[in-house]
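Worksheet: the structure to be examined is printed underneath.
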Amino acid sequence: MRKAAVTTVSTVAGIVLLLSFKPHRDPAPAQAAPPPSAAAPRASSSPAPSGSASPGGGRSGTYTGGVSDTAYGPVQVSVTLSHGRITAVKALRTPSDRPRSREIASYAVPRLTQEALSAQSARIDAVSGATYTSEGYTRSLQSALDEAGV
């Protein structure tokens with residue numbers, strides 16, 4: 001009997017804790033769900049290349065990726081290549097209309113940049129807690145790399 005009471009109390013306590021859990025970001029206002037095509041982040045192409053092929057093989061220069069619209073704002077990056085290798089990635093636009101969006105971008109973008117430099121591609125892991133920013137970053141980075149032809 002005592003074991004059943006302890007199990008019941010533990011279960012109830014667990015449920016109460018789960019119900020009191022709060023998300024770490026601002027919830028979207030209650031409204032009808034947008035159509036699937038509007039909810040997914042998308043990249044628009046407006047890249048501006050400023051590079052050239054180099055004699056040592058591979059492209060060199062700075063290439064601007066398209067703007068990737070996310071649920072929390074646009075993300076856009078530029079990538080600098082030297083002989084086909086990524087030497088720098090610069091965030092040109094990140095979600096910034098909310099304080100929490102700025103906070104997330106401030107810790108996610110440096111991690112994403114380091115990942116891109118290590119991986120030498122846009123195939124990088126998302127930063128935990130910054131899924132939308134990570135997706136926008138990788139889409140824009142891939143757009144810039146596509147423009148560079150790498």
Side-chain angles (χ1 to χ4, degrees), residues 10-11 13-150:
S10 296
T11 302
I15 291 171
V16 168
L17 286 172
L18 282 173
L19 292 175
S20 67
F21 179 71
K22 303 258 192 276
H24 68 277
R25 60 179 171 222
D26 298 333
Q31 60 185 20
S37 62
R42 61 190 185 281
S44 62
S45 68
S46 57
S50 65
S52 61
S54 60
R59 305 280 294 178
S60 292
T62 300
Y63 301 85
T64 301
V67 176
S68 180
D69 293 319
T70 73
Y72 291 97
V75 179
Q76 183 179 30
V77 301
S78 67
V79 62
T80 302
L81 302 174
S82 178
H83 306 289
R85 293 196 45 83
I86 298 173
T87 58
V89 181
K90 180 179 179 184
L92 303 175
R93 297 175 75 180
T94 59
S96 61
D97 62 334
R98 298 180 181 124
R100 182 66 177 144
S101 296
R102 288 189 296 276
E103 179 184 353
I104 288 170
S106 73
Y107 75 80
V109 169
R111 287 185 175 100
L112 292 165
T113 299
Q114 190 57 47
E115 285 279 324
L117 290 169
S118 294
Q120 289 294 302
S121 75
R123 289 184 295 273
I124 57 177
D125 292 331
V127 173
S128 180
T131 304
Y132 292 109
T133 300
S134 297
E135 289 175 355
Y137 185 100
T138 57
R139 288 176 198 264
S140 184
L141 176 57
Q142 186 61 58
S143 170
L145 293 172
D146 289 347
E147 183 63 28
V150 294

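If you read the sequence from its start, that first residue is 1, and numbering goes on from there.
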How many angstroms lie between OG in Ser68 and CZ in Arg93, if you round to the nearest 0.5 Å?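 So the OG of Ser68 and the CZ of Arg93 are separated by 10.5 Å.
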
Approximate separation, where rounding is to 0.5 Å, of Arg102 CZ and Ser96 OG: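 With rounding to 0.5 Å, CZ (Arg102) is 6.5 Å from OG (Ser96).
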
Side-chain donor-acceptor distances from residues 109-119 under 3.5 Å, at least two apart:
unit_1 : atom_1 : unit_2 : atom_2 : d
Arg111 : NH1    : Tyr107 : O      : 3.2
Thr113 : OG1    : Val109 : O      : 2.9
Thr113 : OG1    : Tyr137 : OH     : 2.8
Ser118 : OG     : Gln114 : O      : 3.1

I'd like to check the side chain to side chain contact (heavy atoms under 4.5 Å, CB included) partners of [X]; sequence neighbours left out, ordered by chain and number.
| X | answer |
| --- | --- |
| Ser106 | none |
| Pro95 | Thr70, Tyr72, Val75, Ser101, Thr133 |
| Gln120 | Arg85, Ile86 |

Is a donor on one side and an acceptor on the other found under 3.5 Å between the side chain of Thr138 and the backbone of Ser134?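 Yes, the answer is positive, given that a donor and an acceptor are paired below the 3.5 Å cut-off.
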
Short side-chain to backbone donor-acceptor contact, Ser60 and His83, under 3.5 Å: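 Checking the backbone N and O of His83 against the side chain of Ser60, a donor-acceptor pair under 3.5 Å is found.
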
Begin with the C-alpha distance, continue with both residues' side-chain angles, and end with the deciding distance and a verdict on side chain to side chain contact (heavy atoms under 4.5 Å, CB included) for Leu92 and Val67. CA-CA 9 Å; Leu92 303 175; Val67 176; over 6 Å; no

Ala91 and Val77: which non-hydrogen atoms are nearest, and at how many Å?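 Nearest pair, atom of Ala91 first, then Val77: CA-CG1, 4.0 Å.
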
Could you tell me which non-hydrogen atom of Ser140 sits nearest to which non-hydrogen atom of Gly66, and how far apart they are?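 Looking at all heavy atoms of both residues, the shortest contact is OG-O, 2.8 Å.
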
Side-chain donor-acceptor distances from residues 121-128 under 3.5 Å, at least two apart:
unit_1 : atom_1 : unit_2 : atom_2 : d
Ser121 : OG     : Arg123 : N      : 3.1

